[in-house]
Participant: 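Take this structure first; my questions come after.
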Amino acid sequence: MADARARRIAQFIEPLRVAPGSTVDLAGDFDPRYKAAMSKGEGVALLAEGVELLAEYQARLAAQDSRGVLLCLQAMDAAGKDGTIQHVMSGLNPQGVRVSSFKVPSDEEIDHDYLWRYACRLPRRGEIGIFNRSHYEEVLVVRVHPEYLRRQRLPQESSDPGVWERRFREINEWERHLSDNGFSVVKVFLNLSKEEQRRRFLSRIDRPEKNWKFSSADVRERRHWDAYQRAYSEVLSATSTEWAPWYVIPADRKWFARICAAAVLGHALMEIDPQYPTVGEQAREDLKTARRELEREAPDARSRAVGG
Ligand code: ATP
Ligand code: MG
């Protein structure tokens with residue numbers, strides 16, 4: 001039963017996975033409107049099932065306390081990162097999850113090497129860490145806006161045109177290090193179409209309760225759409241590895257994107273297959289002793305003792 005479920009999930013996410021070593025052309029290879037052969041009703045039911053599965057595995061991950069999971073979420077604005085986090089995590093125990101959002105780096109962050117701030121927010125063993133934007137911003141927004149790279153004050157010899165190839169290699173090695181040491185790195189790109197982004201921005205402008213979500217900076221960033229598509233294509237090609245593959249999730253339908261994200265995370269947890277620790281001989285004896293002591297304290301046993 002569990003195996004059949006694992007197989008179904010593996011099959012479902014296979015078309016989303018970027019094969020390590022492949023060359024990705026985002027626009028040509030991945031359709032933001034893809035939804036398998038699923039209706040929204042089926043999807044909503046499936047998500048509820050998926051959230052339950054995540055809760056079950058998270059409890060085991062926390063109890064086992066030896067492995068951790070890092071889920072990295074990347075996307076263009078309005079692709080639904082926040083909603084995805086909210087829905088996928090809805091059934092989880094908040095004590096075992098830490099969500100970190102990465103914005104423009106602070107002065108303290110910029111005074112360190114570019115991976116420092118991400119390393120500071122990694123999950124502990126037993127935890128699921130979620131990066132809302134991640135170290136991949138360092139080869140995306142920083143690449144699209146060269147002034148951000150200048151702000152990082154790299155030594156001259158490190159800021160030549162080879163900087164992006166070098167960062168890809170360093171990121172792959174860092175993720176390998178994490179994975180070798182018990183932390184699975186799960187990478188998801190919410191792939192939104194330019195037209196759907198336009199519609200969502202318009203809705204944020206037109207509906208007062210959504211105004212707070214809109215920033216004019218988002219429209220400025222949209223002007224760099226093509227540069228981002230190119231940068232994403234290169235990132236997906238260079239950093240989808242056997243130990244930390246990328247999944248490109250169609251994001252034009254929010255309900256479908258959420259199912260995919262839950263399935264990708266569920267798959268990673270099933271691969272770990274965490275187990276509740278079993279107790280040894282001595283600990284089992286201690287449990288029996290404790291049980292006897294607690295039974296003796298039962299109110300009816302006490303009143304019987306007093307009465308008779
Ligand atoms: P939302 O808009 O849904 O609240 P967000 O993740 O877009 O979420 P914002 O505060 O709008 O959050 O934007 C954060 C900005 O910080 C993004 O434009 C992102 O590209 C930028 N950013 C993230 N990391 C870096 C970095 N290392 N250098 C420069 N800019 C960065
Ligand atoms: Mg934003």
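Order of appearance sets the numbers: ligands from 1, and atoms from 1 within every ligand. All residue numbers refer to positions in the sequence shown, counting from 1.
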Participant: Using the rule side chain to side chain donor-acceptor pair (under 3.5 Å), only one of Arg98, Arg67, Gln58 pairs with Glu127; which is it?
Facilitator: Arg98
Participant: Go through ligand 1 atom by atom and flag the ones less than 4.0 Å from a non-hydrogen atom of Asp82.
Facilitator: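 Every atom of ligand 1 under 4.0 Å from some heavy atom of Asp82: 3 (O).
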Participant: Can you tell whether the side chains of Glu165 and Arg169 come within less than 4.0 Å, N to carboxylate O?
Facilitator: no
Participant: Let me know which of Gln74, Glu175, Arg167 forms a side chain to side chain donor-acceptor pair (under 3.5 Å) with His135.
Facilitator: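 Looking at Gln74, Glu175, Arg167, the match for His135 under the side chain to side chain donor-acceptor pair (under 3.5 Å) is Glu175.
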Participant: Counting non-hydrogen protein atoms only, what is the nearest one to atom 7 (O) of ligand 1? Give residue, atom name and distance.
Facilitator: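 Result: Arg133 NH2, 2.7 Å.
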Participant: Distance to 0.1 Å, residue and atom name: give those for the protein heavy atom nearest to atom 20 (O) of ligand 1.
Facilitator: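 Sorting protein heavy atoms by distance from atom 20 (O) of ligand 1 puts Glu137 OE1, 3.1 Å first.
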Participant: Can you tell which part of Val141 has a heavy atom less than 4.0 Å from ligand 1: side chain, backbone, both or neither?
Facilitator: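 Only the side chain of Val141 comes within reach of ligand 1.
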Participant: Closer than 4.0 Å to some heavy atom of Arg117 - which atoms of ligand 1 meet that?
Facilitator: 24 (N), 25 (C), 26 (C), 27 (N)
Participant: Taking heavy atoms and a distance under 4.0 Å, where does Asp77 meet ligand 1: side chain, backbone, both or neither?
Facilitator: side chain
Participant: Is there at least one pair of N or O atoms, one from Val142 and one from ligand 1, spaced under 3.5 Å apart?
Facilitator: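 In fact, backbone or side chain, Val142 has no N or O that close.
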Participant: Specify the protein heavy atom at minimum distance from atom 28 (N) of ligand 1: its residue, its atom name, and the distance to 0.1 Å.
Facilitator: Pro105 CD, 3.3 Å
Participant: Near Phe102, which atoms of ligand 1 are under 4.0 Å from a heavy atom of that residue?
Facilitator: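 Going through ligand 1 atom by atom, the ones under 4.0 Å from Phe102 are 23 (C).
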Participant: State yes or no: are the ring centers of Trp243 and Phe183 separated by less than 6.0 Å?
Facilitator: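 Distance test on ring centres: not under 6.0 Å, no.
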Participant: Ser203 and Lys210: which non-hydrogen atoms are nearest, and at how many Å?
Facilitator: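 Where Ser203 meets Lys210 most closely, the heavy atoms are OG-NZ, 3.2 Å.
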Participant: Looking only at protein heavy atoms, which one is nearest to atom 27 (N) of ligand 1, and how far off is it?
Facilitator: Glu138 OE2, 2.9 Å
Participant: Do Arg176 and Glu173 meet the salt-bridge criterion of a basic N to acidic O distance under 4.0 Å?
Facilitator: no
Participant: With a 4.0 Å cut-off, would you call Arg60 and Glu56 a salt bridge?
Facilitator: yes
Participant: Distance check below 2.8 Å: does Asp77 bring an N, O or S atom to the Mg ion (ligand 2)?
Facilitator: yes
Participant: Determine, using heavy atoms of Lys81 and all atoms of ligand 1, whether some pair is separated by less than 4.0 Å.
Facilitator: yes
Participant: Geometry only, no angles: is Lys103 polar-contacting ligand 1 at N/O separations under 3.5 Å?
Facilitator: yes
Participant: Is there a polar contact, in the sense of an N or O pair closer than 3.5 Å, between Asn132 and ligand 1?
Facilitator: no
Participant: Within the protein, is there a heavy atom lying under 4.0 Å from atom 11 (O) of ligand 1?
Facilitator: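 So far as the 4.0 Å threshold goes, atom 11 (O) of ligand 1 is out of reach of every protein heavy atom.
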Participant: Nearest to atom 16 (O) of ligand 1, what protein heavy atom do you find, and at what distance?
Facilitator: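 For atom 16 (O) of ligand 1, the nearest protein heavy atom is Val104 N, 3.3 Å.
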Participant: I'd like to know whether the aromatic ring centres of Phe201 and Phe214 sit less than 6.0 Å apart in this structure.
Facilitator: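 Yes.
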Participant: Salt-bridge test for Glu195 and Arg198: reply yes if a basic N is under 4.0 Å from a carboxylate O, no otherwise.
Facilitator: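 So Glu195 pairs with Arg198 through a salt bridge.
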Participant: Got a sec, which pairs hit ring pair (Phe, Tyr, Trp, His ring centres under 6.0 Å) with one end in residues 58-106, sequence neighbours left out?
Facilitator: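 Of all non-adjacent pairs touching residues 58-106, those that pass ring pair (Phe, Tyr, Trp, His ring centres under 6.0 Å) are Phe102-Tyr118, Phe102-Phe131.
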Participant: In Å and rounded to the nearest 0.5 Å, what is the CZ to CZ distance from Phe189 to Phe30?
Facilitator: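 Spacing of CZ (Phe189) from CZ (Phe30) equals 10.0 Å.
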Participant: Report yes if some N/O of Asp218 lies less than 3.5 Å from some N/O of ligand 1; otherwise report no.
Facilitator: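 Between Asp218 and ligand 1 (N or O atoms, distance only) the closest approach is not under 3.5 Å.
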